[in-house]
Number of protein chains: 2
Amino acid sequence: MSETGRQDRPTSRDVARRAGVSQATVSLVLGDRWRGRVSPARAEAVRAAARELAYRPNLAARSLRLGRSRTVLLVVPALTNEFFARVHAGAARVAGEEDVGLVLYHSPEVVLPARDPFASASASLAGVLASSMAAESLAELGGGGLPLVMLDSEPGRGGAVGTVNPDIAAAMRLVVDHLLALGHRAFGHVAAAVDSWTFAVRAGELAGRLAGTPGARLVATERAPLTIEGGMRAAERALAAEPRPTALVCDDDLLAAGAVKAARRMGLRVPEDVSVTGFDDLTLATALEPELTTVRLPAEELGATGMRTLLAALGGETPGGARLPVELVPRGSTARPPRAAGPDGR
Amino acid sequence: MSETGRQDRPTSRDVARRAGVSQATVSLVLGDRWRGRVSPARAEAVRAAARELAYRPNLAARSLRLGRSRTVLLVVPALTNEFFARVHAGAARVAGEEDVGLVLYHSPEVVLPARDPFASASASLAGVLASSMAAESLAELGGGGLPLVMLDSEPGRGGAVGTVNPDIAAAMRLVVDHLLALGHRAFGHVAAAVDSWTFAVRAGELAGRLAGTPGARLVATERAPLTIEGGMRAAERALAAEPRPTALVCDDDLLAAGAVKAARRMGLRVPEDVSVTGFDDLTLATALEPELTTVRLPAEELGATGMRTLLAALGGETPGGARLPVELVPRGSTARPPRAAGPDGR
DNA sequence: CTCCGCACGTGTTACGTATAACTTGGGCCT
DNA sequence: AGGCCCAAGTTATACGTAACACGTGCGGAG
């Protein structure tokens, strides 16, 4: 490893020479804080020179000088999970708008990062944006005292300066109420085998909601890794319970896809014999047949709002937490239970 | 925007003071080029001091000093497409191993980047890794003369220092031969409506292969945006052709998912009435029922090899191009055509 | 005994930027 | 007319690191 391509880009001094001013003036003009310090004519000359030379400020030098950077670290478990890819997209959009850099760390495992994320990216970070699963382990890691905003994680936890969450409890409520309204009473829960706040809330809300409804019952809870295969195995176990659940509530669309496969494999029709719901509204949801009833979590918004929250915090504000609205997307994978056990007539 | 958190991290001078040596020695030791210049005892003392202070070199200062960086820009159309997320994962893995930074630019549109990617990331990049679709537009953009490795793009194009491709032609050949062997003769092509080398090769290879097979015929070619919805509409058109294709070759698994939906919507069974194939082997492929016959493109390998190729180029070597092997994954969405029109008896 | 060379380090500088502190000329007020 | 202040710049410096170009002893060879 040597000779890493050196760029001979023009410096602010080159621009200064060309515009016939001092380097300091260039810095003032291009930094857009020249008002009242430089005449409009000269300012324009500087800008012209910069344009002609295709000048780009050297960010390394700027960071060094300022002792800070406009770069944010986003920590996610894995981008191959569409949900996190969308979180990233939202964060990246705002980062672009606000002209801050965004670097990414995705922990190879869903647990503790193998290597210190700050080691690789220690290019003087301004703050950290950490999403569920990743966030919890990161809180302990300390993060070098950087301002931290947690996404889809327990509010008021750790030293986070802010928290941004989709309204997970409401989301689960929407799902359960939808199924209850259809007449379902025997529920199965295909849960994510991940120790994370967001999934704990789902389990708690589901159990609570059913406990508050006479006649409703959580027949089975099966935990699974967040894959189709995992969802399939867990759903197979859940559907073997007695009495058999007429509705499978899945913590995730991937799990739901597996659940549908499991039902079919057991000779059950979806949604006639068993209803299946997911979480997230991934692309996957409309690929399935029937299309998956799910609840849309605003992933992009999560990333975008998280980034804005972090930037606000960096600006000195104390933003606290935000809760993002969610939306039920009823599709074909849910229907009235077999034997029309609906309470509300017909 | 102000007061972006300043970190008061220890500097190499702090380490030097603590170890009782000069800053230069610290630089030598920690840079691991002290052999024969510093006694082992002192070197160890320096390392100990660095450890105790939790010293991390300031990357901004280092980049500034060196005039180069160990940061690579990866350009992809969108990470929400699992294929590119996997490319990124591969590139990120190697980047981690080789201790180079990786920044990401994903063009909001699949076409030309809205903003100059180098503007945001101009933190002195060492090189650029650009994947299909993004690569083509980038080649014209020039990239500031940075070493560029293109992924899944036309070899020997533009100023690229290297190219890494999955063997797209072989991939299409595998698909077509698989279908021909099953007895299919009437083909439909659900093509991506994206002007990119990788899709041009698919179309060319499909046409060529069929032209070389007596009795085989490409009945319909329909172009679609790379979404399930797009695939569905295109497949509907293709299946309306006369004679109706018994096999739909899709440029992508998303398109294939749409094709399956279209077939069902028209009252056709998959695979009994029509076979469907995809490309990429996304997670989606095993969620569908029947599971999708597809060809696995080594996305992670693509990113990883691309990164290695770029690093080799930066090291002064002239790596040229690499071709990555692909693999047919036969699953349930393909079968013998109806009316058992197979030529090979039975 | 002198002198060379090696082993082991250190002083110093430059990278490109942002900004505090200073300079200068001219207009306005008294 | 004299003083003063403001507009419009400039000069100088520091940020943290890497690496070049120098010391300094000390052992052995001549």
Side-chain angles (χ1 to χ4, degrees), chain A residues 1-4 6-46 49-50 53-71 122-125, chain B residues 1-46 49-50 53-71 122-124:
Chain A
M1 212 63 44
S2 64
E3 287 299 339
T4 306
R6 164 182 297 254
Q7 279 283 82
D8 259 346
R9 301 205 275 127
T11 76
S12 61
R13 214 176 313 266
D14 295 327
V15 175
R17 215 160 4 233
R18 183 170 238 268
V21 298
S22 77
Q23 178 267 330
T25 303
V26 172
S27 178
L28 287 175
V29 172
L30 267 39
D32 206 37
R33 64 198 99 84
W34 54 279
R35 241 146 306 246
R37 324 249 307 119
V38 178
S39 68
R42 294 213 148 199
E44 184 46 42
V46 168
L53 293 178
Y55 168 73
R56 299 228 188 282
N58 181 322
L59 261 53
R62 176 178 290 173
S63 289
L64 178 57
R65 171 66 232 251
L66 294 178
R68 61 188 154 91
S69 75
R70 293 184 55 75
T71 298
S122 80
S124 186
L125 296 168
Chain B
M1 211 62 44
S2 64
E3 287 298 341
T4 308
R6 165 184 296 253
Q7 281 281 81
D8 259 347
R9 302 205 276 127
T11 75
S12 61
R13 216 177 311 268
D14 295 327
V15 175
R17 216 159 4 234
R18 183 170 239 267
V21 299
S22 77
Q23 180 267 330
T25 303
V26 172
S27 179
L28 285 177
V29 172
L30 268 39
D32 206 37
R33 66 198 97 85
W34 54 278
R35 236 137 320 233
R37 324 247 308 118
V38 178
S39 68
R42 291 211 151 200
E44 185 46 42
V46 168
L53 294 178
Y55 167 73
R56 299 225 189 286
N58 181 321
L59 261 54
R62 176 177 291 174
S63 290
L64 178 56
R65 174 62 237 250
L66 294 179
R68 60 187 154 92
S69 75
R70 293 185 54 76
T71 298
S122 82
S124 186

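These numbers come from a predicted model, not from an experiment. Just so we're on the same page: letters track the sequence lines, and every chain starts at 1.
Phosphate proximity of D:dA19 to B:Arg33: present, with a side-chain N or O under 4.0 Å from OP1 or OP2. A sub-4.0 Å separation between OP1 or OP2 of D:dA7 and a side-chain N or O of A:Ser39 is absent. OP1 or OP2 of C:dT10 sits under 4.0 Å from a side-chain N or O of B:Thr25.
Per the geometry, CZ belonging to B:Arg37 stands 12 Å off C1' belonging to D:dG23, to the nearest Å. A straight line from CZ of A:Arg56 to C1' of C:dC15 spans 20 Å, rounded to a whole angstrom. Rounded to whole Å, atom P of D:dC20 lies 19 Å from atom CH2 of B:Trp34. Note: CG (B:Leu64) to P (D:dC15) measures 13 Å, nearest angstrom. One atom, CZ of A:Arg9, and another, P of C:dC15, lie 15 Å apart when rounded to the nearest Å. The nearest whole Å value for the distance from the CG atom in A:Leu66 to the P atom in D:dG16 is 12 Å. If you take CD of B:Gln23 and C1' of D:dC15, they are 13 Å apart, rounded to a whole angstrom. Distance A:Arg17 CZ to D:dT10 P: 14 Å, rounded to the nearest Å.
Residues A:Ser39 and A:Glu44 have side chains not in contact (no heavy-atom distance under 4.5 Å, counting atoms from C-beta outward).
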Legend entry - Steps toward side chain to side chain contact (heavy atoms under 4.5 Å, CB included) verdict (A:Arg70, A:Ser63): CA-CA 8 Å; A:Arg70 293 184 55 75; A:Ser63 289; over 6 Å; no

Inset, instruction - Evaluate the side chain to side chain contact (heavy atoms under 4.5 Å, CB included) criterion for residues A:Val21 and A:Val26: first the C-alpha distance (whole Å), next the side-chain angles of each, then the deciding distance (0.1 Å), finally the verdict. - result: CA-CA 7 Å; A:Val21 298; A:Val26 172; 3.9 Å; yes

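A:Arg13 comes within contact range of at least one nucleobase, with a heavy-atom separation under 4.0 Å. No engagement by B:Arg35 is indicated, since no non-hydrogen atom pair under 4.0 Å with the nucleic acid exists. Contacts of A:Val21 with the nucleic acid, taken as non-hydrogen atoms under 4.0 Å apart, involve only primed sugar atoms and P, OP1 or OP2. Nucleic acid contact class of A:Thr11 (heavy atoms, under 4.0 Å, all strands): sugar-phosphate only.
Proximity note for A:Ser27 (side chain, C-beta onward) versus D:dT11, D:dG9, C:dT19: the nearest is C:dT19. Taking the side chain of A:Ala24 as heavy atoms from C-beta on, and the options D:dT10, D:dT17, C:dG11, the nearest nucleotide is D:dT10.
Of the residues near DNA chain D, A:Leu28 and B:Ala61, the one whose nearest nucleotide (by heavy atom distance) lies more toward the 5' end is A:Leu28.
A pairwise comparison of heavy atoms in B:Val46 and B:Ala19 identifies CA-CB, 4.0 Å as the closest pair. Scanning both residues, A:Ser12 and A:Tyr55, for their nearest heavy atoms gives N-CE1, 3.3 Å.
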